[in-house]
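Comments concern the structure below.
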Protein chains: 2
Amino acid sequence: MTDTPVSLTPTQLSAYFAFTEVSSLLRPAVEKQLRDVGALSYVQFQLLARLGDSPDGTLRMTDLADGVVYSRSGLTYQAQLLEQRELITRSPSPDDERSTVAAITGAGREVLQEVFPGHIRVVRELLFASLSEADVDDLARILGKVAGHLRAAPPRSAAPRRRR
Amino acid sequence: MTDTPVSLTPTQLSAYFAFTEVSSLLRPAVEKQLRDVGALSYVQFQLLARLGDSPDGTLRMTDLADGVVYSRSGLTYQAQLLEQRELITRSPSPDDERSTVAAITGAGREVLQEVFPGHIRVVRELLFASLSEADVDDLARILGKVAGHLRAAPPRSAAPRRRR
DNA sequence: CTTACTTGCTTCGAATTCGAAGCACTTTAA
DNA sequence: TTAAAGTGCTTCGAATTCGAAGCAAGTAAG
């Protein structure tokens, strides 16, 4: 076992605190915009955006949940809401009868289009307004490293299930 | 009004996505550790930590809520739980009869001590393990800028109240 | 084939969260 | 002084979240 220091360095501490602070200030602002413009929760927006990005506008429920780092039961709930509003459809997969495939609808894409500009504006004004181009480069590079490192850990839905 | 681009640059996009991804992967990991070791939610930990940092171990409820970017009603709920476990006390302020002052107890400080080492370990392993010292410097500097920028916006609890 | 295990999703109940409304105290201004 | 407005906190109800348990379909081992 290698020697692990008891504390973080002062710089690490300030990086960590700044990260949590930015995270908890940015999120409500983004959520407010999404709710005001498209009546979407942040999760719903993420789900629609992921579906919209998918080549055929389609994803399995589990892949959706992993993509947004979200519990499966929570996804079922939000997907129900999106389905009621006819922004997505759900249908059993032909390949695997257990699977449910979610697909974004035309209305879903419309809502995305309505919400995007404001979403981008909020992110630019809050996250990027005070940064230089070099800062943005660094931020992308560094957080990209961290994200890759975190992705290496097994995804939530892969957690082994308890024996019955 | 100046010309605002319709989209974000590719680098801004990847910085934004990496940020949200790190945020949503880091948080559950931290929460799990806090719950396992100290039976604390993330919010409860933040509240205790802020109280522990305060010179006299004391803060007004509103300042606590602003500090952790949290709704006041949610704070009331969590403070009740912490008070039941006798990790904090609440008492009316002598200065202002409306105010409630929260104070961390000895037991509260003990729980903090128990939880800290693991908390730090998780943060180091997940957030910093893959970064060089220079990266950490940059991250602290850049996110510090953003946090300062965000703090400039009025805090949540300052939102004007609707007329009755 | 058939039994046991695995996987994908949903249902369920408990816990947490928020905003609106309400109560009590404080400050302002006439 | 006293009414009106502001501030600090709590209560309330609705919405969201999670994990555990359950169901159904797939897969592996004998």
Side-chain angles (χ1 to χ4, degrees), chain A residues 24 27-29 31-32 34-36 39-47 59-85 88 90-102 154-164, chain B residues 24 27-29 31-32 34-36 39-47 59-85 88 90-102 154-164:
Chain A
S24 45
R27 175 113 185 212
E31 284 185 334
K32 173 165 176 34
L34 293 172
R35 203 168 295 280
D36 290 351
L40 293 176
S41 70
Y42 188 51
V43 179
Q44 291 171 348
F45 170 69
Q46 286 183 299
L47 298 178
L59 281 174
R60 293 190 323 148
M61 295 290 277
T62 293
D63 297 330
L64 261 181
D66 286 347
V68 300
V69 190
Y70 200 64
S71 74
R72 292 171 151 168
S73 50
L75 176 60
T76 295
Y77 176 74
Q78 290 295 344
Q80 278 173 356
L81 298 184
L82 288 174
E83 194 177 31
Q84 281 168 20
R85 286 177 60 188
I88 69 168
R90 286 187 295 174
S91 41
S93 162
D95 306 329
D96 185 337
E97 285 292 330
R98 293 168 301 177
S99 276
T100 297
V101 172
R156 277 178 126 189
S157 66
R161 214 177 287 196
R162 178 180 300 178
R163 298 281 172 78
R164 15 173 178 174
Chain B
S24 46
R27 174 111 184 216
E31 284 184 335
K32 173 164 176 35
L34 293 172
R35 202 167 296 280
D36 290 350
L40 293 177
S41 71
Y42 188 50
V43 180
Q44 290 170 349
F45 170 69
Q46 286 183 300
L47 298 179
L59 281 174
R60 292 191 323 148
M61 295 291 277
T62 293
D63 297 330
L64 261 181
D66 287 347
V68 300
V69 189
Y70 199 64
S71 73
R72 291 166 155 181
S73 49
L75 176 60
T76 296
Y77 176 74
Q78 291 295 346
Q80 278 172 356
L81 297 185
L82 287 174
E83 194 176 32
Q84 280 168 21
R85 287 178 58 189
I88 68 169
R90 286 187 295 175
S91 42
S93 161
D95 307 329
D96 185 337
E97 285 292 329
R98 295 168 302 178
S99 275
T100 297
V101 172
R156 277 178 125 189
S157 64
R161 213 178 288 195
R162 179 180 298 178
R163 300 280 171 79
R164 18 173 174 167

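To find a chain, count down the sequence lines: A is the first, B the second, and so on, and within it residues start at 1.
The CZ atom of B/R60 sits 16 Å away from the C1' atom of D/dT10 (whole-angstrom rounding). Per the geometry, OH belonging to A/Y42 stands 18 Å off P belonging to C/dT17, to the nearest Å. Separating the CG atom of A/D36 from the C1' atom of C/dG19 is a distance of 13 Å, rounded to the nearest angstrom. Atom pair B/M61:CE and C/dA24:P shows a separation of 18 Å (rounding to whole Å applied). In this structure, B/L64 places its CG atom 16 Å from C1' of D/dT10, rounding to the nearest Å. A/L75 places its CG atom 14 Å from the P atom of D/dT16, with the value rounded to the nearest Å. Atom-to-atom, CD of B/E31 to P of D/dT17 comes out at 13 Å; the value is rounded to the nearest Å. Per the geometry, NZ belonging to A/K32 stands 10 Å off P belonging to C/dG19, to the nearest Å.
Note that CG of A/L47 is 5.5 Å distant from CG of A/L75, once rounded to the nearest 0.5 Å. Note: B/D66 CG to B/R72 CZ = 6.5 Å, rounded to the nearest 0.5 Å. With rounding to the nearest 0.5 Å, the separation of CG in B/L82 from CD in B/Q44 is 4.5 Å.
Looking at heavy-atom distances under 4.0 Å, A/S99 makes contact with sugar-phosphate atoms alone, never a base. Backbone-only engagement by A/L81 is indicated by non-hydrogen atom pairs under 4.0 Å involving sugar-phosphate atoms exclusively. B/T100 comes within 4.0 angstrom of the backbone, heavy atoms only, and of no base.
Regarding contacts with the backbone of C/dT17, a side-chain N or O of B/Y70 is found under 4.0 angstrom from either OP1 or OP2. The phosphate of D/dA20 (OP1 or OP2) has no side-chain N or O of A/R72 nearer than 4.0 angstrom. Distances shorter than 4.0 Å separate some side-chain N or O of A/Q78 from OP1 or OP2 on D/dT17.
Electrostatic pairing of A/E31 and A/R35 does not count as a salt bridge here, judged by no charged N lying under 4.0 Å from a carboxylate O.
A donor-acceptor contact under 3.5 Å is formed by the side chain of A/S73 with the base of D/dG19.
Closest to the side chain of B/T76, out of D/dT10, C/dG8, D/dA25, is D/dT10. Proximity note for A/T62 (side chain, C-beta onward) versus C/dC9, D/dA25, D/dC9: the nearest is C/dC9. The side chain of A/R98 lies closest to D/dA24, out of D/dA24, C/dT26, C/dT17. In the set C/dC25, C/dT17, C/dC9, C/dT17 carries the atom at the smallest distance from any side-chain atom of B/Y77.
Residue B/Q80 is the one, among A/D95 and B/Q80, whose nearest nucleotide of DNA chain D lies closer to the 5' end (criterion: closest heavy atom).
Within the 4.5 Å cutoff, the side chain of A/Y70 has no heavy atoms near those of the A/Q46 side chain.
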